Every structure is written in structure tokens, then in C-alpha cells.
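What follows is one structure encoded as C-alpha cells, with my remarks underneath.
Heavy atoms only: backbone and side chains are in, while hydrogens, waters and symmetry mates are out. This chain uses plain numbering: 1 for the first residue, then up along the sequence. Only a predicted model underlies this, so the values are computations on that prediction, with no experimental measurement involved.
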Amino acid sequence: MCYICDVSYSVKITKKAEKGIESAPQHIQEAFQDLTDDLVARGPVQAGWPNYSKLGKDKYHCHLAHKWVACWTTQKGSIIIEVYYAGSRENAPY
């Protein structure tokens, strides 16, 4: 839950992101779960995650580990966050 705004976010994971994270090592899957927990609790801005950055209007990414990333998007004013990619940094859509 976002304590500043008293809002809990909803995280939707696309099939592509699910497939990518399912093929990842266990520690990456655990990091991804931690990220989704943080997204639910604090929203799309995750400055505490390694290499977090804004990719464009309402699009974000961070590293789960050196070679693994996650990308997500949300529309301004929405409490729904969509994780559209989780997987190898080499194949990331940015």
C-alpha cells in the first residue's frame, strides 16, 4: 500500500513476462516476486531497485540482477501496473 496516498496498486503480469520469468533461475524469480510486492505497495516509481529508470511516458524498468530485467507501464492516475517484460537484459524491449 502506498502510505503517502493510502492506495494499493494492482499488478497485472502479461503472458510474455510470465513466460520469461518462469524460465529464469530461482533467485531471479524471487527477486521478481519482491519487485511485484514493491509495485503493489509503492506504485510504479521504484527508485530503490538497481538501474531503475523511466523509459518514456509511463514506462519503467529495473534490473533483477546483472543480466535480468523487468519492464512495466501504467497510465497516469491509474492504480493498475502492467509488467510487460521480465527476462534477459539482451532481449529487453527498450
Side-chain angles (χ1 to χ4, degrees):
M1 175 164 8
C2 177
Y3 296 106
I4 295 170
C5 53
D6 204 28
V7 172
S8 182
Y9 290 82
S10 177
V11 176
K12 178 179 152 185
I13 302 168
T14 66
K15 288 187 186 286
K16 181 178 182 176
E18 278 183 17
K19 185 176 178 183
I21 206 63
E22 286 173 359
S23 66
Q26 184 64 34
H27 73 283
I28 301 302
Q29 292 180 25
E30 292 168 3
F32 181 75
Q33 183 61 54
D34 291 343
L35 173 64
T36 57
D37 291 346
D38 285 350
L39 290 170
V40 168
R42 295 180 191 90
V45 177
Q46 294 294 324
W49 278 83
N51 297 86
Y52 162 81
S53 68
K54 194 167 182 176
L55 296 174
K57 185 177 183 199
D58 303 322
K59 289 189 175 188
Y60 310 86
H61 100 293
C62 73
H63 287 204
L64 302 171
H66 179 68
K67 294 184 179 182
W68 297 87
V69 299
C71 302
W72 62 94
T73 187
T74 188
Q75 291 183 351
K76 187 172 183 168
S78 174
I79 62 168
I80 299 171
I81 298 169
E82 181 181 78
V83 178
Y84 61 90
Y85 180 81
S88 168
R89 188 175 77 185
E90 296 157 357
N91 298 324
Y94 55 77

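When every heavy atom of S78 is checked against every heavy atom of T74, the shortest pair comes out as O-OG1, 3.7 Å. Across Y94 and C71, no two heavy atoms sit closer than the pair CD2-SG, 3.9 Å. Here the closest non-hydrogen pair linking N51 and H61 is O-CE1, 3.3 Å. Closest approach of R42 to Y9, counting heavy atoms only: C-CE1, 4.0 Å.
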Between K57 and K76, is the side chain to side chain contact (heavy atoms under 4.5 Å, CB included) condition met? List the steps.
CA-CA 9 Å; K57 185 177 183 199; K76 187 172 183 168; 6.0 Å; no
Yes or no on side chain to side chain contact (heavy atoms under 4.5 Å, CB included) for Y84 and K59, after CA distance, side-chain angles and deciding distance?
CA-CA 10 Å; Y84 61 90; K59 289 189 175 188; 3.8 Å; yes
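L39 and V45 fall within the same hydrophobic cluster, defined by Ile, Leu, Val, Met, Phe, Trp and Tyr side-chain heavy atoms under 4.5 Å apart, directly or through other members. L64 is connected to V83 through a chain of hydrophobic side-chain contacts under 4.5 Å among Ile, Leu, Val, Met, Phe, Trp and Tyr, so both are in one cluster. Hydrophobic clustering (side-chain heavy atoms under 4.5 Å, transitive across Ile, Leu, Val, Met, Phe, Trp, Tyr) groups I28 together with Y52. Linking Ile, Leu, Val, Met, Phe, Trp and Tyr residues whenever their side-chain heavy atoms come within less than 4.5 Å leaves V69 and L35 in two separate clusters.
For NZ of K54, the number of neighbouring non-hydrogen atoms (other residues, nucleotides, ligands) closer than 6.0 Å is greater than 12. Enclosure of atom CD in E18 by more than 12 non-hydrogen atoms of other residues, nucleotides or ligands within 6.0 angstrom is indicated. Applying the 6.0 Å contact sphere to CD of E90 captures no more than 12 heavy atoms from other residues, nucleotides or ligands.
Applying the salt bridge (charged side-chain N to carboxylate O under 4.0 Å, His left out) criterion to D37, with sequence neighbours excluded, gives no partner residue.
Here CG of L55 is found 8.5 Å from CH2 of W72. Values are rounded to the nearest 0.5 Å. With values rounded to the nearest 0.5 angstrom, Q46 atom CD is found 10.5 Å from Y60 atom OH.
Side-chain N or O atoms of T73 include one that pairs as donor or acceptor with a backbone N or O of D58 at under 3.5 Å. Remark: side-chain polar atoms of S88 are not paired, donor with acceptor, to backbone N or O of W68 under 3.5 angstrom.
Within the 4.5 Å cutoff, side-chain heavy atoms of K16 are placed close to those of Y85.
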